[in-house]
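Data first, discussion second: the structure below is written as structure tokens.
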There are 2 protein chains.
Amino acid sequence: MTDLERQPLSRTAILDAGLRLADERGLAAVSMRAVATEVGVTPMALYAYVGSKAELLDGLVDRMLGEYLPESFTVAGIGWPDRLRRVADGARDMARRHPTAFTLLFDRPAVTSDAVRLVDFVYQALLDAGVPDAHVPRLERLFTTFCLGYALSEVNGRFGAGTVDPRGRRAQAAAGSVPAHLRLATYLDQAVDWDSEFEADVEDLLALVARATV
Amino acid sequence: MTDLERQPLSRTAILDAGLRLADERGLAAVSMRAVATEVGVTPMALYAYVGSKAELLDGLVDRMLGEYLPESFTVAGIGWPDRLRRVADGARDMARRHPTAFTLLFDRPAVTSDAVRLVDFVYQALLDAGVPDAHVPRLERLFTTFCLGYALSEVNGRFGAGTVDPRGRRAQAAAGSVPAHLRLATYLDQAVDWDSEFEADVEDLLALVARATV
DNA sequence: ACCTGAACACCGTTCAAGT
DNA sequence: ACCTGAACACCGTTCAAGT
């Protein structure tokens, strides 16, 4: 910690401190003031490196994508379905690694060189699958948008338990306004295995890709 | 405005003021203090109705879902594909109506009675499509997660223009690290029609649903 | 060139009073 | 029962100095 404070001030050191703060105390704890004390400097010293709070948050996206794109993202000897599965799993891993910063991925297009390389990796997999050139960009967005949306739903609580008001639910059931819930009650009472659900979703999307072939 | 301030204080009035603030000045402008002055009261008076800032934001989700679920969401005389298309379009409409508050939908599970009715509507469409009971909840999440993720990407800027550094991109192209981008250049330079792209995505997912039939 | 310090206009929330 | 006012510990950012 004291060692970290002593390393020379740099954009990277600032962003890493921001990401660390987000992971440890939540995205709301990432303030210019908190990041500044983390790197051992006054808040105003940060502005020379990151310009503004908004730019700092954009920078967190770069850092996350940087570690999300290991060198193992390579085409050599891996079929396109396994490559897409790898991308899908990577999105979820990233959400678990950075649960509160993850949402920032929805704020900016893929413009950094790491981001573009990642998109290219997906493009190549779709091309290898036989998807016509004209449909590749759309299917890339379809696939990654689903993966990011699923991961965000998990870490942000949309898929969470959710304390349903039992009284209200019984009233709705009695009023017959949720007939499908009644029919599916057996399945809705079971705990969901989110890993297998995601896997099944990805397999469905891979089938979609295979169907989009010429 | 003066009329609005005069109406009796209530949870609903407070939430509507919050949503109005979000739409007009962004989610960041929704502070306890701003909402309070909007309804003509002192910040601390809100706490009796909404408990905390977090609860206030949860309440915004209820209000959004409430207007998202018009009475026209009915099964009568509409085939399951059209019903799912309606849900998909509704998600995007909602994002455009409440561009900054929309992201809150990822924060909480569907627990209010409006939310549950909406989920039931999708369940019923999937059942009518012939999807086996055991797969209906998963496919509901697959479908809505994609729609919400797409809409969020649009309003939050992930699908935005994105000022790519031309220098960096040329360097990547020269280095051969983005081969698929080079091959797809013709398509990547075209402006995207986000309406038709979403429509095509939804049709692909409907095909997936049809395939999931017994 | 790089950093500090004071100041401005904000936050959410606690607590003790008021009516 | 419902609301206010002062206070506490925070925000991002500006501007003028310091070295």
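Worth knowing before you read on, the calculation uses all heavy atoms, side chains too, and leaves out hydrogens, waters and symmetry mates. Just so it is clear: chains get the letters A, B, ... in the order the sequence lines come, proteins before strands, and each one is counted from 1.
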* Answer yes when A:D93 and A:R96 have at least one side-chain N-carboxylate O distance shorter than 4.0 Å, and no when they do not. =>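 Answer for the salt bridge query: yes.
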Could you work out the separation of [N] and [M] based on their [atom1] atoms and round it to a whole Å?
N      : M      : atom1 : result
C:dA16 : D:dC2  : C1'   : 15 Å
C:dA1  : D:dA17 : C1'   : 15 Å
C:dC15 : D:dC3  : C1'   : 14 Å

* To do: Taking Watson-Crick and G-U wobble pairs with both distances under 3.5 Å, convert DNA chain C into its dot-bracket string, 5' to 3', dots for unpaired and | for cross-strand pairs.
  => ||.|||||...|||||.||
So which pairs with a foot in [range] pass salt bridge (charged side-chain N to carboxylate O under 4.0 Å, His left out), sequence neighbours left out?
range                       : result
residues 40-60 of chain A   : A:D58-A:R108
residues 27-37 of chain B   : none
residues 148-157 of chain A : A:R92-A:E154

* Check each residue of residues 47-55 of chain B for a non-hydrogen atom within less than 4.0 Å of any atom in DNA chain C, then write out the ones that pass by number, or none. =>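 Heavy-atom contacts with DNA chain C come from B:Y47, B:S52, B:K53.
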* With a 4.5 Å heavy-atom cut-off, do B:L184 and A:L127 have their side chains touching? ->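 Yes, at least one pair of side-chain atoms sits under 4.5 Å.
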* A:L27 side chain near A:L57 side chain, heavy-atom distance below 4.5 Å ->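 A side-chain contact exists here, since the closest heavy-atom pair is under 4.5 Å.
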* Asked: Considering heavy-atom distances to DNA chain D, does A:P43 or B:T42 have its closest nucleotide positioned more toward the 5' end?
  ->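 Nearest nucleotide further toward 5': that of B:T42.
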* In sequence, state the C-alpha distance, the side-chain angles, and the governing distance for A:W80 and A:R83, and then conclude on side-chain contact (heavy atoms from CB on, under 4.5 Å). => CA-CA 5 Å; A:W80 67 265; A:R83 274 181 275 149; 4.0 Å; yes
* Regarding B:R11 and the six-membered ring of B:Y49, is the cationic atom NZ or CZ under 6.0 Å from the ring centre and inside 45° of its axis? -> no
* Please test B:T12 against B:D16 for side-chain contact (heavy atoms from CB on, under 4.5 Å), starting from the C-alpha separation and ending with a verdict. => CA-CA 6 Å; B:T12 306; B:D16 285 346; 3.8 Å; yes
* Are B:H98 and B:L60 close enough, and set up right, to give a side-chain contact (heavy atoms from CB on, under 4.5 Å), and what steps lead you there? -> CA-CA 10 Å; B:H98 309 293; B:L60 297 190; over 6 Å; no
* **Touch class at under 4.0 angstrom, heavy-atom based, for B:M44 against every strand present** => base
* N/O donor-acceptor pair under 3.5 Å between B:S31 side chain and B:A34 backbone ->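 Flag set: sc B:S31 to bb B:A34 pair under 3.5 Å.
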* Identify the 5'-most and 3'-most nucleotides of DNA chain C with at least one atom closer than 4.0 Å to a non-hydrogen atom of chain B. => C:dC11 to C:dC15
